[in-house]
Novice: 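Below are the structure tokens for one structure; questions will follow.
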Amino acid sequence: MKFEHFGTGIIKGLAVTLRHLFRKPITTQYPEQKLTTSRRARGNELVWDITKCTACGTCAKACPQGVIRIVTSAKPVENRYVVEKFEVDTGYCIFCGLCVEACPFQSLLMGYSYERAKYRRHEVVHTNEMLLPSAKRPASGYMYPKLAKALPPQTLLIERDEVKG
Amino acid sequence: MALKTESFALNIGPLHPSTHGVFRMRAVLDGEVIANMEPVFGYLHRGIEKLAEERTYTGVIPLTDRLDYLASMSNNLAYVLAVEKLAEISAPERATYLRVILAELQRIASHLIAVGAFVNDCGAFFTPFLYMFREREKILDLFEMLSGQRLLYNYMRIGGFNQDIPDEFLPALQKFVSQMPGFIDEYDRLLAENEILLARTKGVGILPQDLAVNISASGPVLRASGVKWDIRKADPYCGYDRFEFDIPTGTAGDCYDRYRVRIEEMRQSLRIIEQAMKQLPSGAVKSTVPYLVRPPAGEAYAHIEAPKGELGFYLVSDNSIAPYRCHIRAPSLINLTALRDMTVGWKVADLIVIFGSIDITMGEVDR
């Protein structure tokens with residue numbers, strides 16, 4: 001073991017940490033304060049627009065995990081299929097967003113919220129009405145630039161921090 | 001009177017904070033000195049290569065995110081390049097430049113963790129680590145803006161990107177690029193001359209040049225041993241030959257050189273990003289690609305300079321919608337094979353430092 005600078009390196013390093021003491025903190029106290037997520041956030045469960053859905057099943061085929069399950073009734077009404085069951089097992093969902101990209105009728109969107117802890121296992125399976133958009137389940141602008149424009153801008157850490165030479 | 005001594009086998013891991021994941025080292029000790037070292041891995045095996053055989057070509061992209069989870073963007077890029085080579089698709093010019101920007105940002109983010117975790121292993125308890133996490137967080141913010149997630153981006157697609165960058169991306173990136181050199185200088189003031197770091201890393205865990213070449217090491221581990229080999233220069237992809245940058249190399253091949261090479265590479269990455277931002281053309285970000293890519297029967301290998309080394313994807317197609325075979329050449333795994341030769345003869349405390357200096361991600365080692 002050989003020391004090269006006899007302590008000057010450590011003093012230089014301590015000067016950096018000392019200067020750090022006078023910087024503005026850039027952390028957030030999470031449950032009380034929250035940052036705004038990306039406008040394209042791939043959060044929470046899917047948001048499903050039932051009026052546009054034609055039950056074509058493209059989303060189910062695009063899903064790499066096989067999470068989406070669609071049951072349609074045998075008798076089409078008004079020249080379109082009726083969805084009996086649209087089921088998403090979010091326990092297996094990897095939030096890749098490929099189903100949203102695949103949907104040819106813009107009826108499937110990613111969710112915008114991100115706290116998804118549940119008390120019971122069966123609660124992670126979402127069917128029909130649970131997937132409809134509501135005030136509690138906003139849609140994100142993933143793959144939909146017009147929707148993204150309406151959402152609040154993302155908090156960027158880079159706006160908070162300045163380097164001091 | 002001679003004391004009766006015997007060697008002692010010590011298990012480090014699989015769940016140990018310094019193993020960066022689930023990795024087990026079976027070290028045979030002679031006193032405090034390592035007499036033999038046997039790496040045991042496979043604790044994180046998820047069968048990604050096999051899973052890829054039953055997914056569509058697009059459906060494999062989320063899987064590649066989970067290989068080297070600290071550099072998902074680079075994994076996406078390597079895979080996407082392999083499929084594009086196989087199916088003879090070319091990405092538009094704007095997408096090519098964006099790929100370069102994102103791959104270099106990802107390299108900075110990955111090296112920040114590599115250096116931070118490495119000095120953490122040396123005993124600098126979390127101060128430099130969290131300083132570097134602060135800057136990595138800014139990169140993750142940028143990636144979140146593009147792709148919607150912070151770690152598993154799934155942003156690149158065969159033939160380009162799934163969506164164009166938002167308007168606020170380039171100003172934020174510009175701000176980051178102008179700030180980052182100052183922060184790298186700050187790390188240098190904090191660490192580069194620190195006596196304890198120098199004593200722990202200089203001359204420790206030397207990987208000789210010929211051995212590094214023989215085990216086909218790549219990335220900063222190889223370059224620290226003095227071999228000037230970088231796929232961005234040796235076999236340019238994504239138009240890397242249009243940019244001006246240097247390949248930092250070390251001389252001794254010790255832990256300190258590996259640390260220096262990573263710091264210098266961050267500076268070079270910033271240089272590339274600046275040039276790419278200036279040259280970034282407008283236009284589409286995705287070429288017309290059928291929804292289900294069905295490449296002609298054949299095989300292709302594409303490799304990139306990922307943050308940890310040469311990352312290659314070998315794909316075999318049988319003209320169906322899913323790859324017939326997908327083999328991944330993971331840099332972490334191959335760099336890890338040098339661990340035994342680097343550690344034998346050093347003490348247990350040095351083992352942790354040497355292991356940290358290789359910079360591995362277990363998701364990539366076990367796949």
Side-chain angles (χ1 to χ4, degrees), chain A residues 1-17 19-20 23 26-27 35 37-43 58 61-66 94-98 100-102 104 110 112 114 140-145 148-149 153-165, chain B residues 51 54-56 58-63 65-66 124 127-128 131 134-135 137-150 152 154 157 162-164 166-168 172-173 175-176 178-183 185-187 189-200 202-203 291-292:
Chain A
M1 217 181 235
K2 192 176 108 234
F3 285 112
E4 286 189 13
H5 309 287
F6 303 103
T8 50
I10 287 180
I11 290 165
K12 262 190 182 175
L14 285 174
V16 173
T17 47
R19 204 170 295 151
H20 185 78
R23 271 196 193 152
I26 55 166
T27 45
L35 301 176
T37 48
S38 161
R39 285 165 161 173
R40 292 177 178 177
R42 299 208 304 267
T58 314
K61 279 179 203 152
C63 180
Q65 294 291 98
I94 58 172
F95 298 96
C96 61
L98 291 179
V100 177
E101 274 168 55
M110 292 306 287
Y112 186 61
Y114 50 87
S140 97
Y142 185 71
M143 295 306 288
Y144 295 98
K149 283 257 163 62
Q154 182 192 347
T155 358
L156 290 174
L157 217 54
I158 198 153
E159 309 289 347
R160 297 188 175 191
D161 202 16
E162 295 289 332
V163 67
K164 281 168 204 159
Chain B
L51 281 172
E54 56 187 38
R55 278 159 159 77
T56 59
T58 312
V60 179
I61 300 173
L63 280 182
D65 282 337
R66 285 147 179 86
T127 304
Y131 281 14
R134 182 185 58 200
E135 270 66 71
E137 195 65 36
K138 293 168 187 165
I139 301 176
L140 296 193
D141 270 352
L142 293 175
F143 283 155
E144 189 192 345
M145 189 196 282
L146 297 174
S147 68
Q149 269 184 12
R150 287 161 40 82
L152 306 166
N154 186 25
R157 289 289 176 277
N162 62 356
Q163 44 194 335
D164 203 349
D167 302 332
E168 62 264 33
L173 179 65
K175 198 165 183 191
F176 174 78
S178 55
Q179 272 188 18
M180 192 59 196
F183 284 115
D185 290 342
E186 191 182 277
Y187 307 147
R189 283 201 302 280
L190 183 65
L191 295 169
E193 290 174 27
N194 188 297
E195 284 79 5
I196 301 168
L197 185 76
L198 288 174
R200 286 297 302 276
K202 272 225 162 153
Y291 174 61
L292 284 175

Novice: Run the salt-bridge test on A:R39 and B:E168 with the 4.0 Å N-O cut-off and return the result as yes or no.
Specialist: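 So A:R39 pairs with B:E168 through a salt bridge.
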Novice: Counting only heavy atoms closer than 4.5 Å, note whether B:F176 contacts chain A via side chain, backbone, both or neither.
Specialist: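 Both parts, backbone and side chain.
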Novice: Between A:E101, A:K12, A:Q65, which residue shows the highest count of heavy-atom pairs closer than 4.5 Å to chain B?
Specialist: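 Counting heavy-atom pairs under 4.5 Å, the top option is A:E101.
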Novice: So, do B:Y187 and A:V16 sit near enough that their side-chain heavy atoms are less than 4.5 Å apart?
Specialist: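 In short, these two side chains do not touch, never coming nearer than 4.5 Å.
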Novice: Is A:M110 close to B:Q149 at the side-chain level, that is, under 4.5 Å between some pair of heavy atoms?
Specialist: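 Sidechains of A:M110 and B:Q149: no contact.
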Novice: Under 4.5 Å heavy-atom distance to chain B, tell me which part of A:T37 shows up: side chain, backbone, both or neither.
Specialist: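 Its backbone and side chain both get close to chain B.
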Novice: Assess whether side-chain contact (heavy atoms from CB on, under 4.5 Å) is satisfied between A:F95 and B:L152, documenting all intermediate values.
Specialist: CA-CA 9 Å; A:F95 298 96; B:L152 306 166; over 6 Å; no
Novice: For A:Y114, is it the side chain, the backbone, both, or neither that has a heavy atom closer than 4.5 Å to a heavy atom of chain B?
Specialist: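 The answer is neither part of A:Y114.
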Novice: Can you tell me how far CG of A:L156 sits from NZ of B:K175, rounded to the nearest 0.5 angstrom?
Specialist: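 One finds 9.0 Å between NZ of B:K175 and CG of A:L156.
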Novice: Given 3.5 Å as the limit, does a donor-acceptor pair link the side chain of B:R55 with the main chain of A:P64, or not?
Specialist: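 A pair under 3.5 Å: yes.
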Novice: With distance as the sole test, does B:E144 use its side chain to make a donor-acceptor pair with the main-chain N or O of A:A41 at under 3.5 Å?
Specialist: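 Judged by distance alone, no pair lies under 3.5 Å.
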Novice: What part of B:D65 gets within 4.5 angstrom of chain A, counting heavy atoms only: side chain, backbone, both, or neither?
Specialist: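 It is neither, since no heavy atom gets under 4.5 Å.
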Novice: Please rank B:L146, B:D185, B:T127 by heavy-atom pairs under 4.5 Å with chain A and give me the top one.
Specialist: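 When all of B:L146, B:D185, B:T127 are compared, B:L146 has the most.
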Novice: Taking only Lys NZ, Arg NE, NH1 and NH2, and the carboxylate oxygens of Asp or Glu, determine whether A:R19 and B:E186 approach each other closer than 4.0 Å.
Specialist: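 No.
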Novice: Does any heavy atom of chain A fall under 4.5 Å from the side chain of B:R66, the backbone, both, or neither of them?
Specialist: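 Interface part for B:R66: side chain.
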Novice: At a 4.5 Å cut-off on heavy atoms, which part of A:A15 comes close to chain B: side chain, backbone, both, or neither?
Specialist: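 Contact with chain B involves no heavy atom of A:A15 at all.
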Novice: So what's closer than 4.5 Å to chain B heavy atoms on A:T17: side chain, backbone, both or neither?
Specialist: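 Contact with chain B is through both the backbone and side chain of A:T17.
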Novice: Test A:L98 against every option in B:I61, B:T56, B:N162, B:T58 by the side chain to side chain contact (heavy atoms under 4.5 Å, CB included) rule and name the one that passes.
Specialist: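 Passing option: B:T58.
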Novice: Would you please test A:I26 and B:E137 for side-chain contact (heavy atoms from CB on, under 4.5 Å) and show each step?
Specialist: CA-CA 11 Å; A:I26 55 166; B:E137 195 65 36; over 6 Å; no
Novice: Is it the backbone or the side chain of A:K149 that comes under 4.5 Å from a heavy atom of chain B, or both, or neither?
Specialist: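 For A:K149, the side chain is the part near chain B, not the backbone.
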Novice: If you round to the nearest 0.5 Å, how far is CZ of B:R189 from CD1 of A:I11?
Specialist: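 Between A:I11 CD1 and B:R189 CZ, I get 15.0 Å after rounding to 0.5 Å.
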Novice: I'd like to verify something: which residue of A:G141, A:G97, A:C96, A:P145 has the highest number of heavy-atom pairs under 4.5 Å with chain B?
Specialist: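 Most pairs with chain B among the choices: A:C96.
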Novice: Looking only at heavy atoms, what is the nearest atom pair of B:P62 and A:I94, with distance?
Specialist: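 So the two residues come closest at CB-CD1, 3.8 Å.
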Novice: Rounded to the nearest 0.5 Å, how far does CG of A:L35 lie from CG of B:D141?
Specialist: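 So the gap between those two atoms works out to 8.0 Å.
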Novice: Can you tell me how far the CZ atom of A:R40 sits from the CD atom of B:Q163, to the nearest 0.5 Å?
Specialist: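 The distance works out to 3.5 Å.
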Novice: Of the non-hydrogen atoms in A:Y142 and B:N154, which two are nearest, and what is the gap between them?
Specialist: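 Scanning both residues, the minimum pair turns out to be OH-O, 4.4 Å.
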Novice: Do A:R42 and B:S147 come close enough that some side-chain heavy atom pair is under 4.5 Å?
Specialist: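 Of all side-chain heavy-atom pairs linking B:S147 with A:R42, at least one is under 4.5 Å.
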Novice: Under 4.5 Å heavy-atom distance to chain A, tell me which part of B:P128 shows up: side chain, backbone, both or neither.
Specialist: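 Answer is neither: B:P128 stays 4.5 Å or more from chain A.
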